[in-house]
Structures are given as C-alpha cells and as structure tokens.
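Here the structure is laid out as structure tokens; the discussion comes afterwards.
Proteins come first, then strands; the chains are lettered A, B, ... in the order of their sequence lines, and each starts at number 1.
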Amino acid sequence: MLDQDLIQRTLAAALRTGGDLAEIFVEDRASSNAVLDDGKVEHLTSGRDRGAGIRVIVGDTTGFAHTADLTPAGLLEAAEAAAAAARSGGGGVKEVALERQHAPRPHEVAVLPETVGKGEKVELLRRADAAARGAGGAISQVTARYGDSRRRILVANSDGLLTEDDQVRTLLSVMAVATGDTGMQTGYQSLGRTVGFELFDRYDVDQIGREAAERALLKLSARPAPSGTMPVVIGPGGGGVLFHEACGHGLEVDLVAKGASVFAGRIGERVADPRITLVDDGTMAEEWGAFAVDDEGSVAQRNVLIQDGILTDYMWDLLRARKEGRPRSGNGRRQSYKHLPMVRMTNTYVLAGPDDPEDIIASTPKGVYVAHLGGGQVNTATGDFVFGMTEAYLIEDGRITEPIREGNLIGNGPEVLASIDAVGHDFAMGSPGMCGKDGQGVPVGDGVPTLRVPALTVGGTA
Amino acid sequence: MASAPTEPDLLALATRVADQARPGEQVEAFVARSTSTSVRAYGGEVESLTQASTSGVGVRVVVDHREGFAYAGTLDEATVQEALEEARDNARYAEPDEFNGLAEPDGVAPAELDLWPKGLPEVPTADKVALALDLERATTGRDPRVQGVRVAMYSDGLGEAAVATSTGIRVWDRAGTSYLMVQALATQDGETQIAGGLSVGRELEDLSVDEAADDAVLRATRLLGAAKPATQRVTLVLEPRMTATVLGLVGGMLNGEAVLKGRSPFRDRVGEAIASPLLTFVDDPTDPRSLGADTYDGEGLARRRNELVRDGVLQGFLQNTYTGRRSGTASTGSAARGVSSTPGVAATALAVAPGQGSHEELLATVDRGLLVTSMAGLHSGVNPVSGDFSVGVEGLMVRDGALAEPIREATVASTLQRLLLDIAAVGADLEWLPDGTGGVTLVIPDVTLSGT
C-alpha cells in the first residue's frame, strides 16, 4: 500500500524529536451499499476512504495526527504534527528497520464483492423484499439493505513491525413493519460474514426476509412484557450481547486500569459458575469480528477470558501490553485511520455447557424466554447493563407460551455472571453486530448456548 | 495536513462538479472540510492529543428520476471525478421515482447567524492542553470521594461545507464549537459510580472548567449507595437533559420520511392532540442559542423555524426535498447529511417551549416519584415505529416533594405516545444541550418502574 522506504522515513520523522514509539496506520477502504425501501431500489452508494494515522508515544502521552494525503509531503506533515502533539523533548534521530510479518488469514475470500455486478446485488434486495412481503398480508413496509466493504490496512511501527491485512465484509439486512389493530410492530434479521459474495451461495436471502417478517407479525399479537425480577432463559445464538455487556467491556484493560471496571483486581477469582467459559476470538473464521491482524498490527488471537468460571485474563492493546511486557492479545482496534486504537472485543462467546436446552426451559416454572436480543449498553463502573429483547416469550409452567412486546432487561454484570445456573449444549453464533465505545464503532460477533439467569429485571409494563 | 481549498475554493470545487451535469442530468456536490483538536488528560498528564483534519465530497446524480450516489474522503480532483462517474453508474441501477430530484432555490432567506468562533483558530494548543489538565484537577479536588476520572477532555471542531447543484443551489457556510467533558469516578465503601459533566460553547471563553467539574462530581457522588428499587408505579420527573433525549426520539417519529413510508405512529395525526396541551415544541435551527443552529440544510436550502407541536396538537412533519415533494408539501429545510450519505430528514435544534415553574418548584409538587438523571439502552429499548419505550434508569427517588435515596438497576416502561399525553407539568428551566436540543423539566405521572 505504501513503499517501505517511505514508511521508514515517515517513522523516522515522527521520532526526530524523540519518543518511545512511532506508528503509522494506513487504510484504504472501498464500500458499496444499496437500499430497497418502500418497494423501490432507492439508491446505490459507493464510497472510498483512504488515509493514514500517525501516532507518537512519549512516556504516557500519545500524539496523534491523520491525513488523507499519502504523498511523502503529506505523511511528513502528519508525522511532524503527531510528534509535536506528543511534546517530546530530548531528541535524536532514530533509524527504523522494518521487518515484514505475514499473519495467517482466518479464512480465504472467494468472490471479492467489487467483482460482482451491481445488478446482482440489487437482485438480492428484490428477493428479500418479496420474501418478507410474502410472509403475511399484515406486512406493510420492508427495508432491505445490502452492503460490502473491503478494508486494506498496513501497520508499521518503530519497533520494526510491518504488517498488512485485507478485510472483506458482506452484509444483508431486512427490517419489516407489520400493521394490525394494535398498531405497528417491527422485525429485523441480518446476515453478515467477513467473506465476499460467496456468502449468498451458502445462505438463503429469502429466509432472511421471511424471518424479519415473521418477527414483526409475531409481535402484533404480543402481550405487554411483564415488569419486575424473574428467571430469564436466553436462546442459543440470540443472546451473546448479554456477555458482551455483562462482562466483555469490563474486561477491556483500559477501563480496568482506570478503576472504571467492576472486574479490576479480580484475575484468578471465581466470577461465574464453573459451567461458564468465555472466549474472545479474533481468529474465528468468517465471523463478523474476525481479522488477521488488529489495527495495531498484532496478530489475531483466541483469548480465554473466563475458564470454568475463573477470571483468567483481560483484553489488551499494544501500549499496555508493551508496558507490562506481556504478549499482545490482538484487541487493539479502531474505526478508521482517523481514530486512535482502543481495547475492543472481536468475537465474544460462551462455550457450550452440559445441560439439555429443553430441560432448562422445562425446569423454569415462570419467566421469560428471549430468542433474540437487540443491542445493549453497560456502565462498566457499576457493572449495571441493559439489553433489548427483540423476540421474546413468556415461560409458563415450564413451557414457552405467548410472545411479548419489546423492552429492555437490566441486570448487574458480576451478579448475573455468578448466578447463571444452566448452560445448554446447543451453542450458536448470533447476528453481526456493531459495538460502540467512546464514539467509535467496530464490527463484532457474539455467541451463546441456551442459558438461564435466575433473576433479571424485565422492563415491561404488565 | 492536506492543503484543502477554503472558501471560495470549497464552493468552487462543488460548482465545478455540479457544472458537469449533462443534458437531462442533475448533479449535486456536497463538499465539507473540518479540523479538530482533542486533548485527553489522565493522571495529571496528557494521555493523548489529536490534531485532525478531514475532508470529503458526496456526489448525487439524478437522471430519468433515478438517483445514484458516491463519496470520497478526500478533495483530490481525480478522486472527486471518480466519485461523479461512480454516482452516474450507480444511478443506472436504481429504480425511477417521479419525486426524485435535487433541491431548487425556494426563495427563503437564510438567517443571519454568527456561528464562527473567530478567536478559536488562534488559540494555541498549549491553552487547550491546560484546560484539559485543569478539568481533571478540578474534578478530583472537590470531594474526597472523587479521586479519579475515566477521562477529562477538551475538544473542538471547526467545519465548513458547500453545496452546489445544477439546479441553481450555491451555498457555503462555516461553524465551530468547543467543549469540555469529564467522567468522574466516585468511590465509597468499595462501590464506584461514574457520571459525566459538560461545558459547551463556541469560543474557548464560553467554556467553564468549574461548571463541568461540579456537574460531574454532583452526578457521580449523589448516586453512591444507590440500590435497586421495588417494582412500582411512580411519577417520573425528567431532568431537562432527559427531556431533550425523549423529545429527540419523538422528533425522529415526526420525520417526513418515516411518515411517507408508514413507519411513524403519528402519520395520520396532523391537527390532532398527540400530547398534553401543556406541550409545545419546535425545531428551530435559526435560534442562535442552540448549538445545532445552522444557516443551510444538507441540500443547500435555508434553515427555518418549524413548529411541530403547539399546545399538544401536531402541526406537521419535517421534510427534505424528496419527502416534501412526495407528500405534496415542500422541504422544511430539514435535510440532514454527512459527506458519506444521501440527505435524510432530521431535527437539528429541537426545543421545548418553557412552561411554568423552576425545577425545584416542580419537584416540590411530587408526592412519590423518581427523578431520572440518566437513561441507558435507548437504542435497544425504544422502538420508533411502535413507540414502545423501555429504558434502564438511574436517579433519585422523590418523597413528599424532596429528593430521597438514589436508585440504580431499574427500568421505566411505557409508550412514547402515552408519555406525551400524560405530561402533567412543563418547567420553565430551559437548558441547551451539546447536541443542539433544548430541554425543560417534565413531570409525568403513573409510569411503571421495574426493580425487584
């Protein structure tokens, strides 16, 4: 993406007035999107973003500048701005010798979306729309979105690192509105992988449309959700966001280091039932949070965070791992070259457990079964987190009965983790997600088997 | 940073693109450029200092009522040209829609607004760094229970944008804002609470370290000892910033695009009472008090005052050019966009008309209630199509008109439709928020609070 000599000169310029580490992150992102709404293909969008972010670290201070100008002059200017921002004193020219590293890719991409005709992409939307509308007469509106992106990155730093990655993502989503006597309800379904257009040879677009529509139709007859504290059973694949919020963010070492996490100082302690093993895994082939190297050039890893209920590790970025002299975990990510990297999750999931999913439901006399969770949010300092249920049912006498309307659930991360009392053997990954932190969004994946939380607060009205 | 054109160069670039329209084709270029500085202080040191400069162009082409769009994150002429060609190509694959088409000058005069902080570009970076460091020091020096912050930050942004179309739009404007933000950590008996404080303005002199620090310290410390409440029905008291958040959600439901596509529960309700007669709210980007104040919308039309609800009665919806045409009305100057997207519809300066009574006077009228000081899960628990509303809350219980114990890990639930109709009091305490909205204290009786 950039000439090696130019990279070396840029890093040397960044360190001309001193500093512990200089890094250049180059990104070239091309994307295409199409939207079908209200029965029409509304518009297609193509985008191109290309630029470099340069940071200089002096002690605990980071100077950062970015530029869309990848010429030698543009990069030099950004390098000097980053160096000035870090207010480095001392000085001395430092030679930077780079050694190119090749990280194994989690999987191959067969059909780059840029090689596929726009007409073919639009046709997928028409099929999804028709399938959703065909699911029932009450479907009053459908929005289908297609998007693909190819993000090529290069990371080099004055420790000698030089590495690249080529990240492809393809996504299709459908939002359906059903209208009935009780008003309008919505249903959403999506399909996304870090692969190319071969995604649609393997998965049925019609099914995505139908599932979105069925969710909306189901909710037309849904009862108001109950209110108060009760057992909640989370279905396989539908509820990974529970762990993302309940403990994932709290295990990001930047928050831990600042005392802004309830999990600070708890390594080696029992934090969950022995049936719980929680993994964050950037190498998980094809999943939405997968990559070969993170946005600091660290190779993606499979990191066990909770082993058999014991907290084993946090997630790390380059600077903190470097400072501690420990291995990097591959969790340094950024939204784009315009952003500083932070500690972020990749694909976060709970391994399958020993319990029979049917028994878990049958042994719950009264509660809520959540087949599909929406987004969530956590206050890492208190551990309190919320997440939305987008498809949920009452459990009565050990059986799943009537659907209930949308609402949030609220709980406390450490308490919920410690209290989970059943983990099914039916693991599944969930839908592609976008995780936001301090204004930056990055793609993530999650997964869970069926599991039961004996007491969560359901935010309904009934 | 990349030397990018400034006015009139930015407008000239947009015009050069628009002028390439072929017969039967409409072309629009939206060009934007911004610079920003952001300083994060932590532990008495600068944690990071970011100097950023961003520019880009979005090109829209309409031909035979088909629309195509492309953008590029640079103003490099060759890449801009590629974007125009891509937009043309994309238009071939969209379906024709008779209402597609660019904005045309509509004769509405732009408001005279002074949105450019003349002093800010001259402020040395060292002064900005000093503010961030001061903010951390001030926050940790006020209360023994607040010994740390998650972040103390100074940030500013200066931006300019131009729109030119082959239909005769030629506009350029610029604006800037700056803010201080701190998240304080309050700790007592092994429990930690976090809360944020803000100070927002255009010039550096508008910012107050004390205001942001006091706000964060008060908000974090008053939650110490918070417990989960019992499930009950309570009178909700929304702080001005919570009111602004809730009304922002309602504003989204009064968006002409949601209405046209059958996704707004208020779509057939113009002229009807959708809220308590105490409630009036407007979207007025020409009000200079709002940080969302703006001269032109994303399609280059003058921004204007739009009354959405008067005395509880729905007056109309916000429109861009497309939704205005298709609904048989006209654009309300509410096209919202960035470089990388086609124009949507959004409010930018939504505010409640102040009612009667101060925050304290309203609290004093409540026998048993909950003062909501923060809400969580708005994106997962509020459905703008059905109006279902369920959010996580923190706050202070209200007993006999006085603030009582803090609560956490609870939710409140209702529907947005119900909440609007049930408003029992609207405060006079208008507060302008960083996102441009203006809120007052609201009192809403009989809402479900879920806890134990």
Side-chain angles (χ1 to χ4, degrees), chain A residues 37-38 40-51 60-69 74 77-78 81 85-86 118-119 122 140-141 177 183-186 227-229 258-260 338 340 374-377 379 381-382 384 386-388 405-408 410 412 457-461, chain B residues 1-2 42-43 45-55 67-74 79 82-83 86 90 93-95 97 148 150 185 192-194 231 261-263 265 340-342 376-377 379-381 383 385-388 390-392 408-414 448 450-452:
Chain A
D37 194 8
D38 202 20
K40 284 200 195 80
V41 177
E42 283 195 334
H43 44 242
L44 283 78
T45 296
S46 309
R48 185 77 186 268
D49 281 294
R50 191 169 31 181
D60 288 329
T61 300
T62 297
F64 180 62
H66 61 77
T67 179
D69 181 357
E77 204 180 331
K118 291 171 184 173
V122 162
S140 57
Q141 191 56 282
V177 179
M184 291 183 288
Q185 291 292 337
T186 58
S227 58
T229 301
K258 291 181 174 180
K338 297 172 189 171
L340 273 169
Q377 189 178 340
N379 175 339
T382 60
D384 289 350
V386 295
F387 53 92
R405 289 173 72 158
E406 279 177 45
N408 265 318
I410 192 162
N412 180 267
T457 300
V458 181
T461 54
Chain B
M1 298 286 116
Y42 184 75
E45 307 258 359
V46 177
E47 183 181 51
S48 68
L49 169 53
T50 300
Q51 304 273 17
S53 158
T54 303
S55 54
E67 181 178 287
F69 179 75
Y71 73 92
T74 169
T79 314
E82 274 173 38
E86 264 300 309
N90 284 340
Y93 296 90
E95 285 173 66
D97 181 331
R150 185 187 157 198
L185 295 166
T192 300
Q193 293 290 343
I194 186 167
T231 298
K261 293 177 178 171
R263 283 195 286 264
S340 61
S341 65
T342 54
H379 61 306
S380 57
N383 186 319
V385 176
S386 66
D388 285 350
S390 165
V391 297
R408 49 165 271 265
E409 205 192 333
T411 65
V412 296
S414 181
T448 306
S450 291
T452 57

Quick one: of [options], who has the most non-hydrogen atom pairs under 4.5 Å with chain B?
{"options": "T229(A), N412(A), L44(A), D49(A)", "result": "L44(A)"}
{"options": "S227(A), G63(A), G374(A), G119(A)", "result": "S227(A)"}
{"options": "E42(A), R50(A), R48(A), K338(A)", "result": "R48(A)"}
{"options": "H43(A), K118(A), Q377(A)", "result": "K118(A)"}
{"options": "G388(A), G407(A), G376(A)", "result": "G376(A)"}
{"options": "L340(A), T61(A), T382(A), V122(A)", "result": "T61(A)"}

Between E406(A) and chain B, which part of the residue has a heavy atom less than 4.5 Å away: side chain, backbone, both or neither? both

At a 4.5 Å cut-off on heavy atoms, which part of N379(A) comes close to chain B: side chain, backbone, both, or neither? side chain

Tell me which of these, [options], has more heavy-atom pairs under 4.5 Å with chain A than the rest.
{"options": "T74(B), T452(B), T79(B), T411(B)", "result": "T411(B)"}
{"options": "A72(B), G68(B), G451(B)", "result": "G451(B)"}
{"options": "S340(B), G392(B), A376(B), G262(B)", "result": "A376(B)"}
{"options": "V46(B), V412(B), V385(B)", "result": "V46(B)"}
{"options": "G73(B), G148(B), S380(B), P265(B)", "result": "S380(B)"}

Segment of [X] engaging chain A (4.5 angstrom heavy-atom cut-off):
{"X": "A83(B)", "value": "neither"}
{"X": "T448(B)", "value": "side chain"}
{"X": "T231(B)", "value": "side chain"}
{"X": "S414(B)", "value": "backbone"}
{"X": "L185(B)", "value": "side chain"}

Quick one: does [X]'s side chain have a donor or acceptor within less than 3.5 Å of a partner on [Y]'s backbone?
{"X": "N408(A)", "Y": "V386(A)", "result": "no"}
{"X": "S386(B)", "Y": "Q185(A)", "result": "no"}
{"X": "D384(A)", "Y": "I410(A)", "result": "no"}
{"X": "S140(A)", "Y": "V177(A)", "result": "yes"}
{"X": "E95(B)", "Y": "V41(A)", "result": "yes"}
{"X": "T461(A)", "Y": "A413(B)", "result": "no"}

Can you tell me how far apart [atom1] ([X]) and [atom2] ([Y]) are? Round to the nearest 0.5 Å.
{"X": "R408(B)", "Y": "Q193(B)", "atom1": "CZ", "atom2": "CD", "answer": "7.0 Å"}
{"X": "D37(A)", "Y": "Q141(A)", "atom1": "CG", "atom2": "CD", "answer": "5.0 Å"}
{"X": "Y42(B)", "Y": "R150(B)", "atom1": "OH", "atom2": "CZ", "answer": "10.5 Å"}

Can you find a heavy atom in the side chain of T45(A) that is under 4.5 Å from one in the side chain of Y71(B)? yes

Between K40(A) and E67(B), does any side-chain N to carboxylate O distance fall below 4.0 Å? no

